[in-house]
Asks: 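Pasting in a structure now, in structure tokens, and then I'll have a few things to ask.
Predicted model, so just to flag it, every value in this text is computed and none were measured.
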Amino acid sequence: MLPMFPHEDADRAQTVMNKLKPLALAYWEKNDPARFKDDPFSVMVVALLSPRTKTEASRGAMDALFEQAPTPADLTQLPYETVVDVLMAYDVQFPESKAQHLLATAKRIAENDGVVPQSLDELMQYPGMGWKTSLLTLHLAYDLAPEICVDVHVARISQRMGLVSPKIDKPQAVSRALMDVVPHDEWRWVNSTFVYFGKTRCFPSKPNCNGCPVYDLCERVGVD
């Protein structure tokens, strides 16, 4: 639900996005898999593999799987053991359960003529697709943002900047708080922007504040 009145920090949040989003777009243009642009299922696979797993690992595993099985229907024909082996080779966490979820999800997508749903409620009905992974799929595959997708980077940076109270810790609660602050037109970009920022500068223990493009906009909560 959109806030009735602009938040007192809305202008600051918009300025943060204005400064960081172009940098993030350039980063992801270089680093996102090419197939993300026209294959929503590839986005869904990476989102499903992503929990507790590095971005490079989940994307590498996706590429390796699609080399053997380019479509959802093809993927359903891969033996479970083969999928597990691929996930383990790329250090995807919880490979056994994710392999089960991936094969079951591929089967349902194949039965849906290869079409990935475009609503949060529908995506969350698929095996292994929770709130965060479903939102991430909508963001990356369809440019849709019914809510802000929050992961560890988004939570850390929004709290460090003082946009969200550090006392709020659950991802969906952080999302609700951010949606009160960040202008609606920017919701779709928050995750990719803050993930880029967290991976390249605003690190968990030692953020690189020297020369930071949003230094004057950040409250540096918890930073010595």
Asks: Side chains of L135 and P146, heavy atoms from C-beta outward: is any pair under 4.5 Å?
Replies: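 In short, these two side chains touch, coming nearer than 4.5 Å.
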
Asks: Report the C-alpha separation of T137 and M129 in whole Å, then their side-chain angles, then the decisive distance to 0.1 Å, and conclude whether the side chain to side chain contact (heavy atoms under 4.5 Å, CB included) test is met.
Replies: CA-CA 9 Å; T137 300; M129 294 296 291; 3.4 Å; yes

Asks: Same cluster or not: V152 versus F197, using hydrophobic residues (I, L, V, M, F, W, Y) connected whenever any side-chain heavy atoms lie under 4.5 Å apart?
Replies: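 In one cluster with V152: F197, no.
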
Asks: Indicate yes or no for a side-chain donor-acceptor contact from K107 to the backbone of T76 under 3.5 Å, with no hydrogens or angles considered.
Replies: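 Here the side-chain-to-backbone pair does not exist.
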
Asks: Does the side chain of V86 reach to within under 4.5 Å of the side chain of Q68, using non-hydrogen atoms?
Replies: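 Touching, per the 4.5 Å side-chain cut-off.
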
Asks: To the nearest 0.5 Å, what is the distance between CG (D74) and CZ (F66)?
Replies: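 Here the rounded value is 10.0 Å.
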
Asks: One thing to verify: whether K37 and E29 come together as a salt bridge, which I'm taking to mean a side-chain N less than 4.0 angstrom from a carboxylate O.
Replies: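 Yes.
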
Asks: Within a radius of less than 6.0 Å around CG of N210, do more than 12 heavy atoms belonging to other residues, nucleotides or ligands occur?
Replies: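 Open.
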
Asks: Does R220 make a cation-pi contact with Y215 (under 6.0 Å, within 45 degrees of the axis)?
Replies: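 Yes, cation above the ring, under 6.0 Å and within 45°.
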
Asks: Should L120 and W131 be marked as a side chain to side chain contact (heavy atoms under 4.5 Å, CB included) after you check the CA-CA gap, both sets of side-chain angles, and the distance that decides it?
Replies: CA-CA 8 Å; L120 182 60; W131 172 81; 4.3 Å; yes

Asks: Heavy-atom count around N112 CG within 6.0 Å, excluding the residue itself: above 12?
Replies: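 Atom CG in N112 is crowded, with more than 12 foreign heavy atoms closer than 6.0 Å.
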
Asks: Do D32 and R59 sit within salt-bridge range, that is, some charged N less than 4.0 Å from a carboxylate O?
Replies: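 Yes.
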
Asks: Yes or no on side-chain hydrogen bond (donor to acceptor under 3.5 Å, both in side chains) for D85 and T82, after CA distance, side-chain angles and deciding distance?
Replies: CA-CA 5 Å; D85 286 346; T82 299; 5.6 Å; no

Asks: Show your reasoning for whether side chain to side chain contact (heavy atoms under 4.5 Å, CB included) applies to L136 and N191.
Replies: CA-CA 8 Å; L136 189 62; N191 183 272; 3.5 Å; yes

Asks: How long is the straight-line distance from OG of S158 back to CG of L178, given to the nearest 0.5 Å?
Replies: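 So the gap between those two atoms works out to 4.5 Å.
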
Asks: Decide yes or no for Y126 and P117: does some side-chain heavy atom of the first lie under 4.5 Å from some side-chain heavy atom of the second?
Replies: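 Side-chain contact under 4.5 Å: yes.
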
Asks: Can you tell me how far apart CG (L138) and CD (E122) are? Round to the nearest 0.5 Å.
Replies: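 Separation between the atoms: 9.5 Å.
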
Asks: Treating Ile, Leu, Val, Met, Phe, Trp and Tyr as nodes and any side-chain heavy-atom pair under 4.5 angstrom as an edge, say whether V223 and I168 lie in one connected cluster.
Replies: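 No.
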
Asks: For the residue pair I157 and C202, what are the closest heavy atoms and their distance?
Replies: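 In this case the closest contact between I157 and C202 is CG1-SG, 3.9 Å.
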
Asks: State, with a plain yes or no, whether a side-chain heavy atom of V43 is found less than 4.5 Å away from one of Y142.
Replies: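 With C-beta onward as the side chain, the pair stays apart.
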
Asks: Of L23, V16, T15, which is the lone residue that meets side chain to side chain contact (heavy atoms under 4.5 Å, CB included) with K19?
Replies: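 Going through L23, V16, T15 one by one, the side chain to side chain contact (heavy atoms under 4.5 Å, CB included) with K19 is satisfied by T15 alone.
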
Asks: So, are E219 and R12 salt-bridged, with charged N and O less than 4.0 Å apart?
Replies: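 A salt bridge links E219 with R12.
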
Asks: Could you tell me whether a side-chain N or O of S58 sits under 3.5 Å from a main-chain N or O of T53, the two making a donor and an acceptor?
Replies: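 Answer holds: no.
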
Asks: Quick one: does any side-chain atom of R201 pair with a main-chain N or O of N208 as donor and acceptor, under 3.5 Å?
Replies: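 Indeed, once roles are kept as given, a pair shorter than 3.5 Å links the two residues.
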
Asks: For the hydrophobic clusters of this structure (ILVMFWY residues joined by side-chain heavy atoms under 4.5 Å, transitively), does one cluster hold both M62 and Y80?
Replies: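 Yes, it is one cluster - the side chains of M62 and Y80 are joined through contacts under 4.5 Å.
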
Asks: Show your reasoning for whether side chain to side chain contact (heavy atoms under 4.5 Å, CB included) applies to F194 and D151.
Replies: CA-CA 9 Å; F194 283 13; D151 62 7; over 6 Å; no

Asks: Taking side chain as C-beta onward, heavy atoms only, is V181 less than 4.5 Å from V164?
Replies: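 A side-chain contact under 4.5 Å is absent here.
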
Asks: Drop me the distance from S119's OG to Q125's CD, to the nearest 0.5 angstrom.
Replies: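 Atom-to-atom, S119:OG and Q125:CD are 9.0 Å apart.
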
Asks: Does any part of the side chain of M124, heavy atoms only, come nearer than 4.5 Å to the side chain of T133, both counted from C-beta?
Replies: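 Heavy-atom side-chain distance check fails, nothing below 4.5 Å.
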
Asks: Should V83 and F94 be counted in the same cluster of Ile, Leu, Val, Met, Phe, Trp and Tyr side chains packed under 4.5 Å apart?
Replies: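 In one cluster: no.
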
Asks: Can you tell me how far the NZ atom of K54 sits from the CD atom of Q93, to the nearest 0.5 Å?
Replies: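 The NZ atom of K54 sits 10.0 Å away from the CD atom of Q93.
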
Asks: Is it true that K21 and E186 make a salt bridge, defined as a side-chain N closer than 4.0 Å to a carboxylate O?
Replies: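 Result for this pair is yes, salt bridge flagged.
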
Asks: Hydrophobic clusters here meaning ILVMFWY residues chained together by side-chain heavy-atom distances under 4.5 Å, can you tell me if F203 and V221 are in one?
Replies: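 No, no single cluster joins them.
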
Asks: Answer yes or no: is there a side-chain heavy-atom contact under 4.5 Å between M44 and L123?
Replies: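 They are in contact (side-chain heavy atoms under 4.5 Å apart), so the answer is yes.
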
Asks: Can you find a heavy atom in the side chain of K199 that is under 4.5 Å from one in the side chain of T55?
Replies: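 Yes, their side chains come closer than 4.5 Å.
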
Asks: Among side-chain atoms of N18 and Q14, is any donor-acceptor pair under 3.5 angstrom?
Replies: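 Distance-only check passes for N18 and Q14.
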
Asks: The criterion is ring-ring contact (aromatic ring centres under 6.0 Å, His included); which residues satisfy it with Y196, sequence neighbours excluded?
Replies: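 Y27.
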
